[in-house]
J.: 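Supplied in structure tokens, the structure appears directly below.
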Amino acid sequence: DYLKNIRNFSIIAHIDHGKSTLADRLIEKTGLVQSRDMKEQYLDNMDIERERGITIKLQTTRLHYKAGDGEEYILNLIDTPGHVDFNYEVSRSLAACDGAVLVVDATQGVEAQTLGNVYLALDEDLEILPVLNKMDLDSARPDEAKEEIEDIIGIDAEDAPLISAKTGMGIDDMLEKLVQVIPPPQGDPNGRLKGLIFDSYYDSYKGVVIYTRIFDGSVKKGDFIQLMNTGKSYEVTEVGYCIPGMVPSKELKAGEVGYVCASIKRVADARVGDTITHTDKPTDKPLKGYKKAQSMVYCGVYPAEGEKYENIKDALEKLQVNDAAFQFEPENSAALGFGYRCGFLGLLHMDVIVERLEREFGLDVITTLPSVIYKVIMADGTERMIQNPTNLPDPAEISRIEEPIVKAEIMTPKDYVGSIMTLCQSRRGNMTHMEYLTETRVLLTYDIPLNEVIYDFFDALKSRTRGYASLDYEFQEYRPAKLVKLDILLNKEVIDAFSSIVPEEEAYAKGRNICAKLKKIIPMHQFEVPIQAAVGRKIIARETVRAYRKDVIAKCYGGDISRKKKLLEKQKEGKKRMRQFGTVEVPQEAFTEVLKFD
Ligand code: GTP
């Protein structure tokens, strides 16, 4: 019975509590990768991820561990992404596990994301092993942290291993506990094939590589498999284990974790959460929990001055091959010309994609104001989903507009409760619950429009609480709101790329604010540039960028050619990220600056 020696688990933690460091230590102790080869953290392998210090893409690693009972165990460590934008992906990788190691930083205690992730794990009925990390630090307070785990999460933490992922202290003890506490997988290797896709990525040689946990049956090269939610069939070209790195094997059977390749062209065809089965002898029901990727935030991506539209299209296509959650379609802006409307899971996802366009593909792009999707109920009763504020129908034809509301959980030391409440109120938040988790820690629950959360809410929260508060949120429902379209006009022309949908009572203040900001950002022209904000046909704010007196060059005395050259070059440099709107030039930063609240 091979099953009793397998353990499938994840490490869950709040950001920075030491998940990646612990994974490294485990690989070093039990994996085939030698520690001297471990110059880099093994699991987070994308540059941008590493720079931002967050895990986005999932990876899995097969470890060998010889336990105190003399038995050799196979430990499949399944990594989970560390950001709320990717909660669905997290939940699917947890569904592939039988248990989870909960890492709590003993100097910090339980934080909001710790909770969010634990709830996801409990939803999947996982056995949870709490461990207290960073015990090498003097500021570690293991007893307090244990108490928090017990009080707040409600799991027994008395025997939680005390470890330091950094020094390696306590790791052996942890591994012993892990094989005792986390149950072996169950499943029937002779049953009909049922495997869960918990991650996939595109490889230019093998096509899509599916990471899967097999629940029943087995799969091998040459089999025809069907992806139950898309209904498509493929011939398996290779199966194997992730050691890490792909190592082919004869088959993958019930209880095991590994990879499957089947010449699949796009990751969107092998979406996380889908079930693989055999085409000729399918299982009767797919695994539960499959969800289609749902974009929450949209923005326009346009070529900057001098950039080619085709290059952007190519790059977006390449990115999509590897990211099932990223969507795009062509769109046309009166101001920006041809471009794409792109859909993202959240703002972090958007930042990562835009950064990749710039860095990996060397493109110069302009992104428009991000927007959530509004639901518009027309006077005739029909419904429309609006991803681009410009497309908001004429108010006269609209019966009501609804916006997405999220449930936000904010955990904070009690001293900051007042200033967090002020912040949430200013973002149209509605407190639904407040709970003292311990004497000093408070959990605030808010209903808050997604639109208010996506911009700089997290930054504002951090700066008001000196970094101590943590945030977790999830989509809840659409609710009616009094919203209007706020247009911005430059030199009397509406610039569609600047339009936004805002609460009616804030339109005036927002309009004034945006005009004032644009006045600072838009450079002087040879003519006066009026900047106006309007709701419908009504102008609600106005600023003016005054005209130059003389040409810049005229300011250079006499024939100082090199100085002139420098000045021209500087202007050119400054122009790189400019966009022409009719006769007015606008720098790219305008799009990001106008968004920021103060
Ligand atoms: P995400 O990938 O963002 O989810 O973070 P993470 O939870 O993986 O945290 P990571 O392993 O990157 O560790 C965060 C920081 O804590 C790093 O600077 C680590 O070096 C440090 N760290 C991790 N474990 C320990 C420990 O046991 N002791 C000490 N002193 N520092 C640690």
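Nothing fancy with the numbering, it's 1 onward along the sequence. Numbering of ligands and ligand atoms starts at 1, following listing order.
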J.: Which of the atoms in ligand 1, numbered in the order shown and given with their element, are less than 4.0 Å from a heavy-atom of H14?
T.: 7 (O)
J.: Using side-chain hydrogen bond (donor to acceptor under 3.5 Å, both in side chains), reason through Y259 and E238 one step at a time and then give a plain yes or no.
T.: CA-CA 8 Å; Y259 70 91; E238 185 178 322; 2.5 Å; yes
J.: Quick one: ring pair (Phe, Tyr, Trp, His ring centres under 6.0 Å) partners of Y298, sequence neighbours excluded?
T.: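 Once residues adjacent in sequence are excluded, Y298 has no partner under the ring pair (Phe, Tyr, Trp, His ring centres under 6.0 Å) criterion.
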J.: Quick one: does S10's side chain have a donor or acceptor within less than 3.5 Å of a partner on I78's backbone?
T.: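 Side chain of S10 to backbone of I78: a pair is present.
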J.: Strictly distance-based, threshold 3.5 Å: is any side-chain N or O of R7 a donor or acceptor partner for the main-chain N or O of I182?
T.: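 Such a contact is found between R7 side chain and I182 backbone.
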J.: Output the list of atoms in ligand 1 that are nearer than 4.0 Å to some heavy atom of L137, sorted by atom number.
T.: 30 (N)
J.: For a quick check under 3.5 Å, do H17 and E111 share a side-chain donor-acceptor pair by atom type?
T.: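 Present: a donor and an acceptor within the cut-off.
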J.: For atom 11 (O) of ligand 1, which candidate among T21, D138, I12 provides the closest heavy atom?
T.: T21
J.: For ligand 1, which is the ligand I care about here, please tell me if L22 has any N or O atom under 3.5 Å from one of the ligand's N or O atoms.
T.: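 No; the residue has no nitrogen or oxygen that sits under 3.5 Å from a nitrogen or oxygen of the ligand.
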J.: Hey, which atoms in ligand 1 end up nearer than 4.0 Å to a heavy atom of G18?
T.: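 Listed by number with element, the hits are 6 (P), 7 (O), 9 (O), 10 (P), 11 (O), 13 (O), 23 (C).
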J.: Report the part of N133 (side chain from C-beta onward, or backbone N, CA, C, O) that has a heavy atom under 4.0 Å from ligand 1; answer both or neither where that applies.
T.: side chain
J.: Under 4.0 Å from ligand 1, counting heavy atoms only, is it the side chain of H17, its backbone, both or neither?
T.: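 Contact part for H17 vs ligand 1: backbone (N, CA, C, O).
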J.: So is there a nitrogen or oxygen of M135 less than 3.5 Å from a nitrogen or oxygen in ligand 1?
T.: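 Such a contact does not occur with ligand 1.
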J.: With a sphere of 6.0 Å drawn around CD of E71, does it hold more than 12 non-hydrogen atoms of other residues, nucleotides or ligands?
T.: yes
J.: Taking only heavy atoms of K19, which atoms of ligand 1 are found under 4.0 Å from at least one of them?
T.: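 Every atom of ligand 1 under 4.0 Å from some heavy atom of K19: 6 (P), 7 (O), 8 (O), 9 (O), 11 (O).
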J.: Counting only heavy atoms closer than 4.0 Å, does ligand 1 sit against the backbone of D136, its side chain, both, or neither?
T.: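 Contact part for D136 vs ligand 1: side chain (C-beta onward).
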J.: Taking only heavy atoms of S164, which atoms of ligand 1 are found under 4.0 Å from at least one of them?
T.: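 So the atoms of ligand 1 that pass are 26 (C), 27 (O), 28 (N).
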J.: Determine, for F215 and R213, whether the Lys NZ or Arg CZ falls below 6.0 Å from the six-membered ring centre while staying within 45 degrees of the axis.
T.: yes
J.: May I ask you to decide if A13's main-chain N or O and N117's side chain share a donor-acceptor pair within less than 3.5 Å?
T.: yes
J.: Just to be sure I'm reading this right: ignoring hydrogens, which of K134, R25, K166 gets closest to atom 21 (C) of ligand 1? Compare them by their nearest heavy atoms.
T.: K134
